Asker: 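Encoded as structure tokens, here's the structure I'll be asking about.
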Amino acid sequence: MAAVAVLPAPTPFKAARAVVAVMEAYRDARVQFVTKVGELAVSPQNAEALLSLGALQLLLPLAQDSMSSVRSAAMLSLGRLANVSHTWAHHLVQRNVLPTLCKALTGTNRHHKRSAAYLVKAVSRHAGAELAEAGVLPLLTECLLDAMLAVRETAACALGHVAKHSGVMAMRVVETGAVRLLVTCLQDEAVARIALSVLSDVARHSLLHATAVADAGGVAAAVSLLGSPDVKTRRQVLYSRQLLLRFDYVMAPMSCPCIPDPQYPHSPQPLPPLGTTPVCPPLPPLLGSARLRLRLQ
């Protein structure tokens with residue numbers, strides 16, 4: 001009778017290598033999946049198809065994955081889908097993804113925070129009230145102080161989207177203290193244009209909103225940008241018509257402290273004494289040219 005060959009049992013080292021290989025394959029598959037979905041999400045035509053095929057149910061768990069690279073890629077894919085489809089944005093809110101975003105915005109991983117801020121920006125275009133109720137606005141305000149430029153830019157854009165919805169939402173942005181930080185951001189050329197656009201979105205709603213921006217020092221900061229060597233920055237100041245016009249309305253009673261302008265009947269300044277010539281401070285040349293250009297356009 002022939003002897004049966006007995007195979008040696010695998011050593012613990014070989015077994016560990018086999019387990020590691022399986023786990024690495026699973027990790028690579030997750031990264032490949034979220035990356036491919038992110039590439040497909042660039043096209044708006046693919047958004048509805050991905051939603052009907054259950055991509056939302058697959059991406060949401062990956063947004064809370066143990067690997068930071070998978071979490072960031074999943075949030076980036078969700079942000080692209082929410083950016084091109086309001087249906088995706090509302091589905092994300094209904095699936096209670098906002099607490100996950102709040103946790104990511106308060107984390108220490110900057111790349112994860114950048115992806116979370118991008119997803120918040122995409123959702124804010126369609127669901128600003130839900131973000132405010134979830135407590136995301138104070139976190140976005142804190143992101144304006146982040147060291148990473150992409151996080152500051154994305155947070156400012158998200159606040160601007162929320163402020164565009166209504167005057168109530170714009171006042172919620174004001175209450176978080178974001179206006180003063182946005183005025184500070186005007187000193188940074190990399191974020192100045194975005195910050196100026198957000199301030200314009202806040203100020204355009206009413207005189208109360210414009211006054212809040214003016215009280216935060218937005219007037220002097222906006223005027224100083226007209227002397228910037230960057231052509232795009234100066235162009236953005238001129239394009240922000242609502243901001244300058246609201247500032248003009250707020251600051252008009254202060255431009256001439258001795259004569260009440262008939263266009264502003266609420267001005268409380270008294271008339272000058274008879275026989276005296278009122279002396280009004282001249283407008284800065286840059287501000288005067290900006291007003292002239294805005295009226296000519």
Side-chain angles (χ1 to χ4, degrees), residues 18-140 143 148 150-151 153-162 164-165 169:
V19 172
V20 170
V22 172
M23 298 302 295
E24 289 180 351
Y26 178 56
R27 178 199 62 191
D28 296 340
R30 299 200 308 273
V31 174
Q32 183 179 3
F33 173 75
V34 294
T35 303
K36 191 62 179 179
V37 172
E39 295 175 357
L40 295 174
V42 176
S43 177
Q45 292 79 7
N46 297 329
E48 296 299 329
L50 289 170
L51 183 62
S52 61
L53 293 175
L56 178 61
Q57 290 79 1
L58 297 175
L59 288 174
L60 284 179
L62 294 176
Q64 304 179 20
D65 196 85
S66 58
M67 293 187 56
S68 61
S69 59
V70 176
R71 292 197 306 269
S72 300
M75 288 188 177
L76 182 62
S77 300
L78 289 172
R80 289 178 178 176
L81 290 168
N83 197 33
V84 299
S85 173
H86 68 279
T87 306
W88 268 91
H90 290 294
H91 276 290
L92 287 173
V93 174
Q94 294 174 1
R95 291 299 184 111
N96 202 21
V97 74
L98 297 181
T100 304
L101 296 179
C102 293
K103 183 179 179 181
L105 290 175
T106 56
T108 57
N109 192 323
R110 293 181 178 177
H111 298 285
H112 193 200
K113 183 184 294 186
R114 179 181 59 182
S115 301
Y118 178 78
L119 179 53
V120 171
K121 183 188 75 170
V123 175
S124 64
R125 298 180 59 185
H126 313 286
E130 289 79 358
L131 289 178
E133 294 298 329
V136 181
L137 298 185
L139 301 179
L140 290 175
C143 288
M148 181 176 285
V151 175
E153 290 179 343
T154 310
C157 290
L159 290 171
H161 290 324
V162 174
K164 287 179 182 178
H165 285 282
M169 289 294 99

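A quick note: this is a predicted structure, and the numbers were derived from the prediction, not measured.
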Asker: Applying side chain to side chain donor-acceptor pair (under 3.5 Å), can you list everything that pairs with Asn46, at least two apart in sequence or on another chain?
Answerer: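 For Asn46, no residue satisfies side chain to side chain donor-acceptor pair (under 3.5 Å) once neighbours in sequence are set aside.
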Asker: What distance separates Arg95 CZ from Leu56 CG, expressed to the nearest 0.5 Å?
Answerer: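 Answer for the CZ-CG pair, Arg95 versus Leu56, is 5.0 Å.
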Asker: I need the His161 NE2 to His126 NE2 distance, nearest 0.5 Å.
Answerer: 8.5 Å
Asker: Output every pair passing side chain to side chain donor-acceptor pair (under 3.5 Å) with a member in residues 57-70, not counting sequence neighbours, ordered by first then second residue.
Answerer: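 Checked against side chain to side chain donor-acceptor pair (under 3.5 Å) - neighbours excluded - the pairs reaching residues 57-70 are Arg30-Asp65, Gln64-Thr100.
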Asker: For residues Ala150 and Arg114, report the shortest heavy-atom separation together with the two atoms involved.
Answerer: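 Closest heavy-atom pair between Ala150 and Arg114: CB-CD, 3.5 Å.
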Asker: Got a sec: does the NE2 of His112 have more than 12 other heavy atoms crowding it under 6.0 Å?
Answerer: yes
Asker: Could you pull out all residues at least two apart from Ser72 that satisfy side chain to side chain donor-acceptor pair (under 3.5 Å)?
Answerer: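 Residues passing side chain to side chain donor-acceptor pair (under 3.5 Å) with Ser72: none at all.
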Asker: Using residues 74-83 as the side-chain source, report each donor-acceptor pair under 3.5 Å to any protein atom, sequence neighbours left out, with the distance given to one decimal.
Answerer:
{"from": "Ser77", "atom 1": "OG", "to": "Val34", "atom 2": "O", "distance (Å)": "2.8"}
{"from": "Ser77", "atom 1": "OG", "to": "Gly38", "atom 2": "N", "distance (Å)": "3.3"}
{"from": "Ser77", "atom 1": "OG", "to": "Ala73", "atom 2": "O", "distance (Å)": "3.0"}
{"from": "Arg80", "atom 1": "NH1", "to": "Gly38", "atom 2": "O", "distance (Å)": "3.0"}
{"from": "Asn83", "atom 1": "OD1", "to": "Arg125", "atom 2": "NH1", "distance (Å)": "2.6"}

Asker: What distance do Lys113 atom NZ and Lys103 atom NZ have between them, rounded to the nearest 0.5 Å?
Answerer: 14.5 Å
Asker: Once you round to the nearest 0.5 Å, how far does CG of Leu131 lie from CG of Leu139?
Answerer: 10.5 Å
Asker: Would a 4.5 Å heavy-atom cut-off, applied to side chains only, mark Leu137 and Val162 as touching?
Answerer: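 Answer yes - side chains close enough.
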Asker: Are any non-hydrogen side-chain atoms of Ser85 and Glu48 less than 4.5 angstrom apart?
Answerer: yes
Asker: At their closest point, which heavy atom of Leu105 faces which heavy atom of Cys143, and how far apart are they?
Answerer: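 Scanning both residues, the minimum pair turns out to be CD2-SG, 4.1 Å.
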Asker: Could you pull out the closest heavy-atom pair between Lys121 and Ser124, with the gap in Å?
Answerer: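 So the two residues come closest at O-OG, 2.6 Å.
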Asker: Answer yes or no: is there a side-chain heavy-atom contact under 4.5 Å between Leu92 and Leu60?
Answerer: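 Side chain of Leu92 against side chain of Leu60, heavy atoms only: contact under 4.5 Å found.
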Asker: Evaluate Val136 against Leu101 for side-chain contact (heavy atoms from CB on, under 4.5 Å), listing each step before the verdict.
Answerer: CA-CA 8 Å; Val136 181; Leu101 296 179; 5.7 Å; no
Asker: Excluding sequence neighbours, so at least two apart, what forms side chain to side chain donor-acceptor pair (under 3.5 Å) with Glu24?
Answerer: none
Asker: Ignoring hydrogens and geometry, is there a side-chain-to-backbone donor-acceptor pair from Ser52 to Ala49 under 3.5 Å?
Answerer: yes
Asker: Does the side chain of Thr35 reach to within under 4.5 Å of the side chain of Gln32, using non-hydrogen atoms?
Answerer: no
Asker: According to side chain to side chain donor-acceptor pair (under 3.5 Å), who are the partners of Glu133, at least two apart in sequence or on a separate chain?
Answerer: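 Once residues adjacent in sequence are excluded, Glu133 has no partner under the side chain to side chain donor-acceptor pair (under 3.5 Å) criterion.
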